[in-house]
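Please read the structure below before turning to the comments.
Below, chain A is the first sequence line, B the second, and so on; all start at residue 1.
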There are 2 protein chains.
Amino acid sequence: MPYAFLPDVARPAVTVDMLVFTLVDGALSLLLIERGLPPFRGRLALPGGFLHVGAGGRGGEALDDAAARELLEETGLGREQVTLGQLGAFGRPGRDPRGRTITVAYYALVRPDAARGVRAGSDAACARWAKVADLDLDALAFDHGGIVAEALVSLRRDVDRAGAALALVPATFTARELREVHEAVHGHRLDAANFDRRLRRLIDDGLIEPTAETRATGRRPARQFRAAQRGARSASTAARPSSHVGRI
Amino acid sequence: MPYAFLPDVARPAVTVDMLVFTLVDGALSLLLIERGLPPFRGRLALPGGFLHVGAGGRGGEALDDAAARELLEETGLGREQVTLGQLGAFGRPGRDPRGRTITVAYYALVRPDAARGVRAGSDAACARWAKVADLDLDALAFDHGGIVAEALVSLRRDVDRAGAALALVPATFTARELREVHEAVHGHRLDAANFDRRLRRLIDDGLIEPTAETRATGRRPARQFRAAQRGARSASTAARPSSHVGRI
DNA sequence: ACAAAAGTGTTCGAAGTACACCCATGT
DNA sequence: ACATGGGTGTACTTCGAACACTTTTGT
């Protein structure tokens, strides 16, 4: 038993909410559930759940582990298959009519090929991919609209640092696919020629590497790339300041 | 009374911890308190406290308000005098030996002139400015060393976007002072000539504006600048994509 | 053959870096 | 007068945007 006790103040309930992003038909999409119970019954909401807190002083799960658990429950995806990170905490009084809750929002970036199998999580009544462009943020349950809005700002800011973009393409991808990630996130077209030169820089920097095979894509076959495994950096990378991936 | 109740699961205690940064003698510094009580008695820690949660379902304070309240209690500074923002939530089991706690970390950037008067908060046993360069992160209480490390990464990333740097200089400042903020945060010297051209761009973008007076600084008097009040943007700013300030 | 997509080259401007240099002032 | 810091100019480079252009495939 610990030698000192936490003061006996009122505690909020703590939940973890997930912002699971992927690309569906080239459009940035977010996994939402339709609530089957009040409050906000019938409204769309972020998947999530309560943080597991052990009975004793030390038990329970870390926030990151709670996010990974929720992700697995809702989508069947393991944390190795996605890019996971924390967005922040939200706790305005009144955000949940049932009582005081704090939520810690996590984002998860899912490759589109892995996203195909995501359906009917055990926890959620009905999980679906919603295109971000079509989403009415004000219609979401709780304060989830505001959380999604913040996540989109972070995502758009950090997709250019390549880390986030690489998390949203299949393991091997074409230049077009990676470009479409940027286009989907930012919502506007990019010059294919300029983007290819950016790809070449990513190769120079050791972030991605070309594969031997090409892929038939309807017309002329395209070269493919894959994310470089860490450690296999080129000399030019070592000289540059490392491009930190940062949060989402 | 609400029509539905939160499930009766165990709840963690929720605290708000403050990372109060300023420049002391040109060195990036952080406000720390020496703990007077166990656990970690005698060790340095971030100032902070428990989130106020109302007895009913709706009462209590928002996370931002808790951060502002802690800041006021520890430093006497109001939220209008500082730049305040959330860093994130930390909740590893075992981070507090007394029991399960989640902390939401906030940063506050304090202008050096305002930091002069910060001393002996009502809450803290003994508050002091610690130079970040001299700090032994592993010696801090709880998991505060890791939190500080994360904050420094964010601060270094975002000081270049000008928003953070302007929060760490007096209301009117010289080019040298703003440059020293960048140097203090990044830990290396910058070319004064190039930095001056960056200043000129900040003027063009309407972020800062020159004042009429100059300041005697030992040798040749220096021109002074101030942060431009929002709304007084130049034409060039309106055309550009707005440079979001982002978190810390 | 032709359309569509892959891929290359060119030009321009914005902005970072390095460095030479002039200017104004307190001692 | 002169050292010190304030302030300007110049050359080089990187990188994004715009766009003309060639190459390679399927139909």
**Item:** Carboxylate-amine/guanidinium proximity below 4.0 Å for A:Arg92 and B:Asp64
**Value:** no
**Asked** Is there a donor-acceptor contact under 3.5 Å from the side chain of A:Asp191 to the main chain of A:Ala193?
**Response** yes
If you restrict it to nitrogen or oxygen atoms, what contacts under 3.5 Å exist between nucleotides 4-6 of chain D and the protein, and what is each distance?
from: D:dG6; atom 1: OP2; to: B:Arg176; atom 2: NH1; distance (Å): 2.7
from: D:dG6; atom 1: N2; to: B:Arg220; atom 2: NH1; distance (Å): 3.4
from: D:dG6; atom 1: N3; to: B:Arg220; atom 2: NH1; distance (Å): 3.1

**Request:** Using the test salt bridge (charged side-chain N to carboxylate O under 4.0 Å, His left out), find all partners of B:Glu180 that sit at least two apart in sequence or belong to another chain.
**Result:** B:Arg176
**Prompt:** Is any side-chain N of the basic residue among A:Asp196 and A:Arg179 closer than 4.0 Å to the acidic one's carboxylate O?
**Reply:** no
**Prompt:** Can you check the B:Arg189 CZ to C:dC19 P distance for me, whole Å?
**Reply:** 16 Å
**Asked** How sharply is the helix from C:dA1-D:dT27 to C:dT27-D:dA1 bent, taking the axes over five pairs at either end and rounding to 10 degrees?
**Response** 10°
**Request:** Let me know the distance between CG of A:Asp191 and C1' of C:dG9, rounded to the nearest Å.
**Result:** 12 Å
Can you give the donor-acceptor pairs under 3.5 Å from side chains of residues 221-228 of chain B to other protein atoms, not counting sequence neighbours?
from: B:Gln224; atom 1: OE1; to: B:Arg215; atom 2: NE; distance (Å): 2.6
from: B:Gln224; atom 1: OE1; to: B:Arg215; atom 2: NH2; distance (Å): 2.7
from: B:Arg226; atom 1: NH1; to: B:Glu209; atom 2: OE2; distance (Å): 3.1

**Item:** Which residue lies more 5' along DNA chain D, comparing A:Ala193 with A:Ala216 via nearest heavy atoms
**Value:** A:Ala193
**Message:** Strictly by ring-ring contact (aromatic ring centres under 6.0 Å, His included), give each pair with a member in residues 164-183 of chain A just once, sequence neighbours left out.
**Reply:** A:His182-A:Phe195
**Request:** Verify the distance criterion only: is there a donor paired with an acceptor across the side chains of B:Thr22 and B:Ser29 at less than 3.5 Å?
**Result:** no
Pick out the pairs of N or O atoms, protein on one side and nucleotides 10-12 of chain D on the other, that lie under 3.5 Å.
none

**Asked** Can you tell me if A:Arg111 uses its side chain to pair, donor with acceptor, with the backbone of A:Leu168 under 3.5 Å?
**Response** no
